[in-house]
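Order of the sequence lines sets the chain letters (A, B, ...), proteins ahead of strands, with each chain counted from 1. On a predicted model such as this, the values are computed, not experimentally measured, just so you know.
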Number of protein chains: 2
Amino acid sequence: MKGKDEFAFEQPCPIRDILDRIGDQWSLLVLDALDGRTRRFNELLRDIGDISKQMLSKTLKRLEQDGFVRRTLYAQVPLRVEYALTDLGRSFLGPLQGLVCWADAHHKAIVLARRRYANGGDALADAVL
Amino acid sequence: MKGKDEFAFEQPCPIRDILDRIGDQWSLLVLDALDGRTRRFNELLRDIGDISKQMLSKTLKRLEQDGFVRRTLYAQVPLRVEYALTDLGRSFLGPLQGLVCWADAHHKAIVLARRRYANGGDALADAVL
DNA sequence: CGGGATCCATCGTGATACTG
DNA sequence: CAGTATCACGATGGATCCCG
């Protein structure tokens with residue numbers, strides 16, 4: 001009843017799963033960084049820039065668990081690991097793109113709404129009295 | 001208020017803004033509950049079920065700030081407040097739908113990937129040596 | 001190089017009580 | 001009815017050290 005759904009039998013809404021993945025700070029950045037090319041751990045670290053090793057590690061592991069990313073280990077010295085999108089991961093980029101487009105198209109409206117609100121948006125919010 | 005309640009405008013990439021909204025536990029549920037109809041505070045509370053008053057309040061305020069939801073106050077007794085989607089809010093439901101469809105279509109694949117991973121997906125993950 | 005383990009600060013969220 | 005204030009706790013994420 002707290003936070004996560006405990007109904008282990010049948011997921012009432014699959015969307016919750018997805019939301020958990022895209023909701024976190026980093027999954028989308030990682031997915032994007034892997035779009036079209038294979039990357040190593042430290043490459044991702046540098047590509048994304050402000051992610052910590054721990055979070056990158058956790059995020060990658062979760063994405064791998066869910067089948068979005070494939071991890072390939074080369075047992076050489078020094079160690080070498082490569083990450084790449086799976087078909088599932090790639091297919092996810094599609095609907096995601098819709099969201100990105102929407103964000104681009106309406107970002108100004110949102111910023112405006114915030115400014116209006118900050119300046120006492122009451123002039124708009126009440127009215128009915 | 002600890003000074004942390006300031007408005008965080010100016011996100012580098014617009015998608016971040018959106019992600020913050022859909023990332024949290026409740027915004028989408030509220031948006032969905034408001035889809036097509038106007039609702040009062042306590043109605044939303046009951047509709048959604050497992051949300052607390054505090055979180056509903058915060059979520060609504062944030063959605064209002066961002067221009068997704070319009071709050072209308074009727075100064076009668078007892079107090080009466082109605083919430084409704086704005087055009088911006090409604091338009092957001094579109095791209096979201098794409099995500100929901102994807103989730104429905106691929107949820108089984110994800111569950112399968114998790115099970116495989118749990119059973120030692122290593123047999124699949126390494127291979128290259 | 002690619003992480004895991006640990007410590008710690010902050011945030012999100014629920015519960016409860018209180019206000020108008 | 002429609003919130004807000006306060007407290008408490010667990011999850012989240014950064015920093016650092018450590019190991020194969």
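- Distance, A/Arg39 CZ to C/dC1 P: 14 Å, rounded to whole Å.
- Under the 30°/60° scheme for interplanar angles, the aromatic rings of A/Phe68 and B/Trp102 are found to be tilted.
- The aromatic rings of A/Phe41 and A/Tyr83 sit tilted, their planes meeting at an angle between 30° and 60°.
- Residues B/Leu34 and B/Leu44 have side chains in contact (heavy-atom distance under 4.5 Å, counting atoms from C-beta outward).
- The neighbour count for B/Arg115 CZ, taken as heavy atoms of other residues, nucleotides or ligands under 6.0 Å away, does not exceed 12.
- In this model, the phosphate group of C/dG4 is approached by a side-chain N or O of A/Ser57 to a distance below 4.0 Å at OP1 or OP2.
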Using atom types as modelled, flag every donor-acceptor pair under 3.5 Å from a side chain in residues 56-63 of chain B to any protein atom, sequence neighbours excluded.
unit_1: B/Thr59; atom_1: OG1; unit_2: B/Met55; atom_2: O; d: 2.6
unit_1: B/Arg62; atom_1: NH2; unit_2: B/Asp24; atom_2: OD2; d: 3.4

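- The nearest whole Å value for the distance from the OH atom in B/Tyr83 to the C1' atom in D/dA2 is 7 Å.
- Minimum heavy-atom separation, A/Arg90 to A/Leu85: NH1-O, 3.4 Å.
- The side chain of A/Arg71 contributes an N or O atom lying less than 4.0 Å from OP1 or OP2 of C/dG3.
- The nearest whole Å value for the distance from the CD1 atom in B/Ile22 to the P atom in C/dG12 is 16 Å.
- Of the possible donor and acceptor atoms, none in the side chain of A/Thr38 sits under 3.5 Å from a partner among the backbone N and O of A/Glu82.
- Remark: C1' of C/dG3 and CZ of A/Arg80 are 17 Å apart, rounded to the nearest angstrom.
- Rounding to whole angstrom units, CD1 of residue B/Ile48 and P of D/dA2 are separated by 14 Å.
- Contacts with DNA chain D (heavy atom under 4.0 Å) in residues 40-47 of chain A: none are found.
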The contact string for nucleotides 12-20 of chain D, one letter per nucleotide 5' to 3', using protein heavy atoms under 4.0 Å with B, S and - for base, sugar-phosphate only and none, comes out as -SBB----B
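- A donor-acceptor pair under 3.5 Å is formed between the side chain of B/Ser27 and the backbone N or O of B/Arg21.
- Rounded to an integer number of Å, the gap from CG of B/Leu73 to C1' of D/dG3 is 11 Å.
- A salt bridge between B/Arg70 and B/Asp87 is absent, with no side-chain N of the basic residue lying under 4.0 Å from a carboxylate O of the acidic one.
- Across the protein-nucleic acid pair, A/Lys61 atom NZ and C/dG2 atom P stand 15 Å apart, rounded to whole Å.
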